[in-house]
Amino acid sequence: MFDKVMELGVDGMTISPGYSYAWAPDQSHFLKREQTNALFKEVLGPLRTERGKKWQFNQSVFFLKFLMGEIDYECTPWGNPNYNIFGWQKPCYLLNDGYAKTFKELIDTTNWDNYGRKSGNPRCQDCMVHCGYEPSAVIDATRNLKNMLVSIRPLS
Ligand code: SF4
């Protein structure tokens with residue numbers, strides 16, 4: 001599919017794994033975290049070959065490595081806030097623990113410690129979704145010069 005999409009002339013692709021979020025009507029067919037890692041290791045493996053180097057992702061290599069299970073990150077739930085007709089959704093677009101009227105209210109009144117894998121929140125345990133983990137990858141990618149250099153090169 002990635003070969004075909006690139007042939008269509010897109011500038012870049014965005015990928016993210018699904019997981020059994022509470023609103024999903026079918027809970028039984030989603031992958032657990034370890035299964036997601038195994039799948040992405042297989043799917044993104046060609047990134048380290050000539051064929052895969054032609055694939056362009058609008059995402060940090062660090063996030064792709066995270067999907068492949070090569071790096072572990074904690075969620076950064078405030079990194080991609082969701083705003084819709086109801087307001088700012090707490091804490092992310094996958095969970096719905098209420099809405100804030102303003103961005104400041106979202107930041108100030110959300111108990112961020114309740115979210116992410118380490119929090120123990122059962123709703124977050126199998127989540128590896130871009131809205132929470134891509135910001136963590138981007139923070140890591142800009143942490144130091146070495147990581148910045150890794151970011152601008154193809155996956156090695
Ligand atoms: S891990 Fe982060 S992105 Fe995923 S559901 Fe929990 S708060 Fe949202």
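As the structure lists them, so they are numbered: ligands from 1, and atoms in each ligand from 1. These numbers come from a predicted model, not from an experiment.
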- Check against side-chain contact (heavy atoms from CB on, under 4.5 Å), F63 and I71: CA-CA 8 Å; F63 180 65; I71 306 180; over 6 Å; no

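N111 CG to D97 CG: the interatomic distance, rounded to the nearest 0.5 Å, is 10.0 Å. Atoms CD1 and CH2, from I107 and W88 in turn, are 8.5 Å apart once rounded to the nearest 0.5 Å.
Listed by chain and number, the hydrophobic cluster partners of I85 are F86, Y99, where partners are ILVMFWY side chains within reach of under 4.5 Å, directly or through others.
E70 pairs by the side-chain contact (heavy atoms from CB on, under 4.5 Å) definition with K41, R48, K65, M68, not counting sequence neighbours. Residues that satisfy the side-chain contact (heavy atoms from CB on, under 4.5 Å) test with E105, not counting sequence neighbours, are A100, K101, T102, T109.
Scanning the protein for heavy atoms near atom 5 (S) of ligand 1, the closest one is Y19 OH, 3.2 Å.
Around atom 6 (Fe) of ligand 1, the protein atoms of type N, O or S found under 2.8 Å away are C124 SG, listed by chain and number.
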